[in-house]
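One structure is given here, and the rest of the page talks about it.
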Amino acid sequence: MSSSSSSSLYRRLHGLFAQNHKVTVKLKTDNPKTTSLIKSIKPTSKLPPKQQLQTIVDNFKKSSESPEFRSHYGNYLTAIHLLGNNSSAIEDIFDHQKQYPEISNEFFVIRLILLYGTAKMHEQARKLFDEMPNLKCQQTVFSFNVLLEACIRAEKYDTVRELFRDLPEELSVVPDVVSYNTFIKALCKAGSLDYAVSVMDEMENQGIKPDKVTFNTLSKAYNESKKFSEAEDLWLLMQKKNVVADLGSYSFRLRVLVANNKVNEAIELFEEMGKKDIIPNAFCYNMMIKMYVDDRNWEEAKRWYDKMVENGRYPDNVTFEMLISFACDKDNLDFALELCKKAMDSKIHVHDATMQRVVNGLAEHSKLEEEKELGPNHLRDTG
DNA sequence: CTAGGGTTAG
C-alpha cells in the first residue's frame with residue numbers, strides 16, 4: 001500500500017476503464033400498460049411518422065378503457081413525452097377522457113390541466129378549465145391555482161397576470177396562499193422581481209400571511225439575479241414575521257453566504273441548523289466544501305467531506321466533481337482515484353473529462369515511477 | 001404523483 005509500483009497503477013487504470021463502460025440508463029416502466037405503450041412504437045418504426053403517432057394515439061385510447069390505466073398519472077405523462085410537440089394528438093387523447101366518469105373529479109381534471117401546461121399547451125389548459133362546469137366537475141381554488149401553474153409551465157407569464165387579476169372575480173373564487181405564491185413565482189420568472197416582492201404586501205392586505213414558500217420563491221429569485229443584499233433583507237424580514245425557515249430556506253441562505261465568502265457566518269448558519277433539528281442535506285455539505293475549494297483550502301474541504309460521510313449524507317455528483325478536480329490540482333491522486341471508485345460504486349455519474357484528469361495524472365505518475373526505476377542515466381539522456 | 005418553493009459544478 002505504501003509504494004505503488006507502475007504495474008499496480010496500470011492494473012488500477014484497467015479496472016477504472018472496465019467499470020467506466022458499464023454505465024446504463026434504466027427506463028422508468030413500473031406500469032405494464034405503460035411498457036406496452038412504449039413498445040408500441042417499436043414495431044411501427046418503419047412506418048411514416050404520421051402513422052407512428054396514430055398508433056400511439058389509438059393504443060392510448062384503447063388502454064384508456066381500463067379504469068386502472070386511467071388512474072395512473074404516469075401513463076398520461078408518458079403519452080405527452082411520446083407525442084412530443086404534436087399538440088393535436090395530445091388534445092385528441094385528452095378529449096377522449098371526457099367520456100369516462102373521472103372527468104367529474106376535480107383532481108383528475110387538475111392532472112390534465114397540469115399536463116397541458118407541461119406540453120406547453122396553455123390555451124387547451126384554459127379551455128378544459130372553462131369546460132369544467134359542463135363536465136359536472138367542481139371548480140375550486142385548486143383548479144384555479146393549477147391553471148396558473150400550467151401557464152407558468154408553458155412560460156406564459158403575462159397570461160398568469162391576466163388570469164390572476166380577472167378570474168377570481170368572474171368565478172367568485174377567493175385566491176389563497178398558494179394562488180399568491182404561484183403568482184409571485186410567475187412574476188419572478190418574468191423578471192419582475194420588485195413587483196413580486198410588493199405582492200407580499202398585497203397578500204397581507206387580503207389577510208393572507210406569506211409563508212415559507214413565499215419567502216423561498218423570492219429568495220431563489222434574488223439568488224439567481226445575484227442580488228445578495230436584497231436576499232439578506234428578505235432573510236431578516238422572514239425572521240421578523242416569524243416564518244419558520246426550513247431546509248430550503250437555510251440552503252438558499254447558505255448559498256448567499258458562500259457566494260460572498262462569508263466563511264464564519266456560513267459555519268454559524270450550519271451549526272444553527274443542527275440546533276433547530278434541520279438535517280443538512282448533500283447540498284449544504286457541498287456548499288461548505290465549495291467554499292473551501294474556492295479558497296484552495298484542501299484540509300478544510302476534506303474535513304467537511306469526512307463530516308458529510310460520517311453524518312450519513314451521501315456525496316453526489318457535485319461533491320465528486322469538486323473534490324476529484326481539487327485532488328488532481330493538489331496532486332493527491334490516490335484520493336482522486338478513491339473518489340472515482342466510490343462514485344462508480346454508487347452509480348453516480350462523473351464527467352468523462354474529470355475522470356480523464358485522474359487517468360492522465362496516474363499515467364504521468366507511473367511514467368515518473370518507471371523513469372525512477374530506470375535510473376538517473378535515462379533521465380540525463382532525455383533531459 | 002390529489003395544487004405552490006428546492007439551489008452547487010460542468
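Note: hydrogens, waters and symmetry copies are ignored here, and every other heavy atom, side chains too, is used.
Residues of residues 126-149 of chain A having a heavy atom closer than 4.0 Å to DNA chain B, listed by number: A:Phe142, A:Asn145, A:Val146, A:Glu149. Residues from residues 188-205 of chain A that place a heavy atom under 4.0 Å from any atom of DNA chain B: there are none. Near DNA chain B, meaning a heavy atom under 4.0 Å from it, residues 250-265 of chain A has A:Ser251, A:Phe252, A:Arg255 in order of number. Contacts of residues 307-318 of chain A with DNA chain B (heavy atom under 4.0 Å): A:Asp316, A:Asn317, A:Val318.
Here A:Glu338 pairs with A:Phe335 under the side-chain contact (heavy atoms from CB on, under 4.5 Å) rule; sequence neighbours left out. The salt bridge (charged side-chain N to carboxylate O under 4.0 Å, His left out) test applied to A:Arg70 returns A:Glu102, not counting sequence neighbours. Residues satisfying the side-chain contact (heavy atoms from CB on, under 4.5 Å) test with A:Lys62, not counting sequence neighbours, are A:Glu65. By the side-chain contact (heavy atoms from CB on, under 4.5 Å) test, A:Asp58 pairs with A:Gln54, sequence neighbours left out. Legend: residues meeting side-chain contact (heavy atoms from CB on, under 4.5 Å) with A:Asp329, ordered by chain and number and at least two apart, are A:Arg296, A:Phe326, A:Arg357.
Here the nucleotide nearest the side chain of A:Ile110, chosen from B:dG4, B:dA9, B:dA3, is B:dA3. When distances are taken from the side chain of A:Leu247 to each of B:dA9, B:dG10, B:dG6, the shortest belongs to B:dG6. Proximity note for A:Lys290 (side chain, C-beta onward) versus B:dA9, B:dG4, B:dG10: the nearest is B:dA9. Across B:dG10, B:dA3, B:dG4, the shortest atom-to-atom separation from the side chain of A:Asp176 is found for B:dA3.
For residues 227-240 of chain A, the side-chain hydrogen bond (donor to acceptor under 3.5 Å, both in side chains) pairs, not counting sequence neighbours, are A:Glu232-A:Arg253.
Under the 6.0 Å cut-off for aromatic ring centres, A:Tyr116 and A:Phe94 qualify, their centroids lying closer than that.
Counting any heavy atom pair closer than 4.0 Å across all strands shown, A:Asp294 reaches no nucleic acid atom. Within 4.0 Å of A:Asn105, counting heavy atoms only, lies no atom of the nucleic acid at all. Across all strands, A:Arg153 comes closer than 4.0 Å only to sugar-phosphate atoms, never to a base (heavy-atom distances).
For the pair A:Asn105/A:Lys136, no side-chain contact is recorded, criterion being any heavy-atom separation below 4.5 Å from C-beta on.
A distance-only check finds no donor-acceptor pair linking the side chain of A:Glu106 to the backbone of A:Cys137 [under 3.5 Å].
The distance from atom CE of A:Met132 to atom CG of A:Leu147, rounded to the nearest 0.5 Å, is 9.5 Å.
As rounded to whole Å, 17 Å separates atom C1' of B:dG10 from atom CZ of A:Phe326. Per the geometry, CZ belonging to A:Phe320 stands 19 Å off P belonging to B:dT8, to the nearest Å. Here the P atom of nucleotide B:dG10 and the CD1 atom of A:Ile324 are 12 Å apart, to the nearest Å. For A:Asp246 and B:dT7, the CG to C1' distance is 12 Å, given to the nearest whole Å. Going from atom CG of A:Leu339 over to atom P of B:dA9 covers 18 Å, rounded to whole Å. Atom C1' of nucleotide B:dT7 and atom CZ of A:Phe228 are separated by 12 Å, given to the nearest angstrom. At whole-Å resolution of the value, CG in A:Leu269 and C1' in B:dT7 are 14 Å apart. Remark: C1' of B:dA3 and CZ of A:Arg111 are 13 Å apart, rounded to the nearest angstrom.
Salt bridge absent: A:Arg126 and A:Glu123 never bring a charged side-chain N and a carboxylate O closer than 4.0 Å.
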Which pairs would a plain distance check flag for residues 287-295 of chain A, meaning a side-chain donor or acceptor within less than 3.5 Å of a matching protein atom at least two apart in sequence or in another chain?
residue: A:Lys290; atom: NZ; partner: A:Asp294; partner atom: OD2; Å: 3.1

I'd like a table of donor-acceptor pairs (distance under 3.5 Å, sequence neighbours excluded) in which one partner is a side-chain atom from residues 150-161 of chain A, with atom names and distances.
residue: A:Arg153; atom: NE; partner: A:Glu149; partner atom: OE2; Å: 3.3
residue: A:Arg153; atom: NH1; partner: A:Thr118; partner atom: OG1; Å: 3.0
residue: A:Glu155; atom: OE2; partner: A:Lys120; partner atom: NZ; Å: 3.0

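Ring planes of A:Phe270 and A:Tyr285: perpendicular class, angle over 60° (limits at 30 and 60°).
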Handout entry: Worked check of side-chain hydrogen bond (donor to acceptor under 3.5 Å, both in side chains) between A:His96 and A:Tyr100
Key = CA-CA 8 Å; A:His96 182 84; A:Tyr100 303 112; 3.2 Å; yes
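Applying the 5.5 angstrom centroid cut-off and the 30 degree plane-angle cut-off, the aromatic ring of A:Phe283 is stacked upon the base of B:dT7.
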